[in-house]
Amino acid sequence: MNSGELSPEVVFHIGWLQFTGTALTTLGIVAALGLLAWLLSKRLRDQPGALQTAAEAVFIAMEDAVRAVAPDHVKLLMPFVGTLWIFLVVANLTGLIPGLHSPTRDLSATAALAILVFLSVHWFGIRDQGLRSYLRHYVSPNPILLPFHVLSEITRTVALAVRLFGNMMSLEMAALLVLLVAGFLAPIPILMLHIIEALVQAYIFGMLALIYVAGGLQLQQLKQASQGKK
Amino acid sequence: MELNWTTFLLEILNFLVLLWLLKRFFYKPLQNAIARRQSAIQQQLDDARKMKKEAQRLQQSYENDLAALEQGREEAHAKLQRELNMEREKQEKHLTELLQQKRQKAHVIEQRQLRESHRQQEKQALEQGSRFAASLLQAGAGPELESRLLEFLLDALHKLPAEQRVSLQQSLAGQHGPVEVSSAFPLSAGQRQRIESGLNELSGHEVQSHFRQDEQLIAGLRIAIGPWVLGANLRDELEAFAHLEEAAPSE
């Protein structure tokens, strides 16, 4: 929340590669989360401590959420969706640290995540049902619907990226503006708002990704179920 | 708000790396730990269920044993009660019989004592009667009475049954010495003559007689022939009267 710039500044160049603050922050988040996970994996006990209990609570909560949407594919979807939630929560909350920006206020980052979700939908769908069977749903019940399916895929992916980016960027901009107007009285409510917004946006993004992926997986099952009924 | 491709690619790469790291160091170990703990909990639950079943089985077994013991106790108690009742009845019967025997014995003793008392009273009454009669007869005794008793004796000698007569004759035959004739008052010669005649007639031969006076006889005569004693005197009669109870057959 230190700057009102819409585009993150490039920190350094390596040839044509431009390393922005977003990329470096993400790298730091990945390193921190990886280190934390590694340390946790070394300290797992049958009688859990406070950290392990918290980690298990997070894990079970995410697993239950995935099971509620796709009960037959919990093991398959849980790592991807869980990683999305964990990364987004941490990334969204990073903006609270003085001197750092939320990576998710950068459209490049949200677009990358949206593209990953887009690819995951097809990856899991094809992996589960096979290429022909999966692609067939684009032309069912009528090939006329193909353009609409394609359009739907593109728009929802763009919407996914832009929604997160817009919310996080606007949140930081609004916070900056409030700080400029209200001085030192507003930071705490703004911080509370930031936390809530970060959690909500992470939840929405992960849940939408889960719904999209589960939708791709369960289309074939619904089709088989309807054929079985006939 | 422009798209930086380097950032875009690095974000994808970073996310994939994070996905791998979390899968490797977070999801799998955590899942294994949870599964391990669930397995341990499940094992504990299974053990607890087994223990519960075992405890229920043992409880059932103990209850059955307790019921069997209770039943055995009740049966033993009932058996003991029956045996006690039988023993009590037996003892009661035995005591009743014993009591009955004692009562009978006491009754017999009482009857015997009563009879003895009656007999003593009777004996005493007879003795008193005899003494009274003796004193009364003694006062009234005299030669006249003795003469009548002599007549009575002689008449009795004549009327003796044949068996007694034979027996007397045999005694007289075996008699050594004179026959002793006792009288309360002195006998006259005629009276002595009549007695000797009677004895001679009875024996069929001459019988020597020795006469003597015995005031104890009060009135009348007594003739001793061997083991036989022919009496017609008040003393013998009174004594016979006094001992009438002894001569009567006992009950």
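First the proteins, then the strands, lettered A, B, ... as listed; each starts at 1. Below, each value reflects all heavy atoms present in this structure, side chains not excepted, and no hydrogens, waters or symmetry copies.
Residues B:Leu10 and A:Thr26 form no side-chain contact, since every pair of their non-hydrogen atoms from C-beta on lies 4.5 Å or further apart. Contact of the A:Leu33 side chain with the B:Leu21 side chain is not registered, since no non-hydrogen atoms from C-beta on lie closer than 4.5 Å. Residues A:Met78 and B:Gln31 fail the side-chain proximity criterion, which asks for heavy atoms closer than 4.5 Å.
The salt bridge (charged side-chain N to carboxylate O under 4.0 Å, His left out) contacts involving residues 61-71 of chain B comprise B:Glu70-B:Arg73, where partners must be two or more places apart or lie in separate chains.
Using a 4.5 Å cut-off between heavy atoms, A:Ile60 contacts chain B through its side chain alone, with no backbone atom that close. Residue contact with chain B, scored on non-hydrogen atoms closer than 4.5 Å, involves the side chain of A:Leu116 exclusively. In this structure, chain B has no heavy atom under 4.5 Å from any part of A:Gln47. Within the 4.5 angstrom heavy-atom criterion, only side-chain atoms of B:Leu16, from C-beta onward, approach chain A. For A:Ile115, the part lying under 4.5 angstrom from a heavy atom of chain B is the side chain only. With a 4.5 Å cut-off on non-hydrogen atoms, A:Leu113 touches chain B through its side chain but not through its backbone.
Between the A:Ser108 side chain and the B:Asn4 main chain, a donor and an acceptor come within less than 3.5 Å of each other.
Heavy atoms only, all atoms of each residue included: A:Ala37 and B:Leu22 are closest at CB-CD2, 4.0 Å. Summarising the geometry of A:Ala23 relative to B:Glu11, their closest heavy-atom pair is CA-OE2, 4.0 Å, with the distance given to 0.1 Å. Scanning both residues, B:Ile12 and A:Ala112, for their nearest heavy atoms gives CG1-CB, 3.6 Å. Closest heavy-atom contact between B:Arg37 and A:Gln52: NH1-NE2, 3.9 Å.
Distance check, rounded to the nearest 0.5 Å: CZ of B:Arg24 to OG of A:Ser41 gives 7.5 Å. Note that CG of B:Leu18 is 11.0 Å distant from CG of A:Leu27, once rounded to the nearest 0.5 Å. Between B:Phe25 atom CZ and A:Leu35 atom CG the span is 10.0 Å, to the nearest 0.5 Å. Atom-to-atom distance recorded for B:Phe26:CZ and A:Leu36:CG is 8.0 Å, nearest 0.5 angstrom. Between atom OG1 of residue A:Thr83 and atom OH of residue B:Tyr27 there is a gap of 3.0 Å, rounded to the nearest 0.5 Å. For the atom pair CG (B:Leu30) and CD (A:Glu56), the distance works out to 5.0 Å, reported to the nearest 0.5 Å.
The 12-atom threshold is not exceeded at CD of B:Glu163, counting heavy atoms of other residues, nucleotides or ligands nearer than 6.0 Å. Shown here is A:Trp123, whose CH2 atom has no more than 12 heavy atoms of other residues, nucleotides or ligands within 6.0 Å. Crowding of A:His149 atom NE2: a count of heavy atoms from other residues, nucleotides or ligands under 6.0 Å exceeding 12. Sparse packing is recorded around CZ of B:Arg112, with 12 or fewer heavy atoms of other residues, nucleotides or ligands lying under 6.0 Å away. When the shell of 6.0 Å around CD of B:Glu215 is examined, it contains 12 or fewer heavy atoms from other residues, nucleotides or ligands.
Options A:Leu84, A:Thr110, A:Leu39 differ in how many heavy-atom pairs under 4.5 Å they form with chain B, and the most are formed by A:Leu84.
A donor atom on one side chain and an acceptor atom on the other are found under 3.5 Å apart for A:Thr20 and B:Thr7. For the 3.5 Å distance criterion, the side chains of B:Thr6 and A:Gln18 fail to qualify, holding no donor opposite an acceptor.
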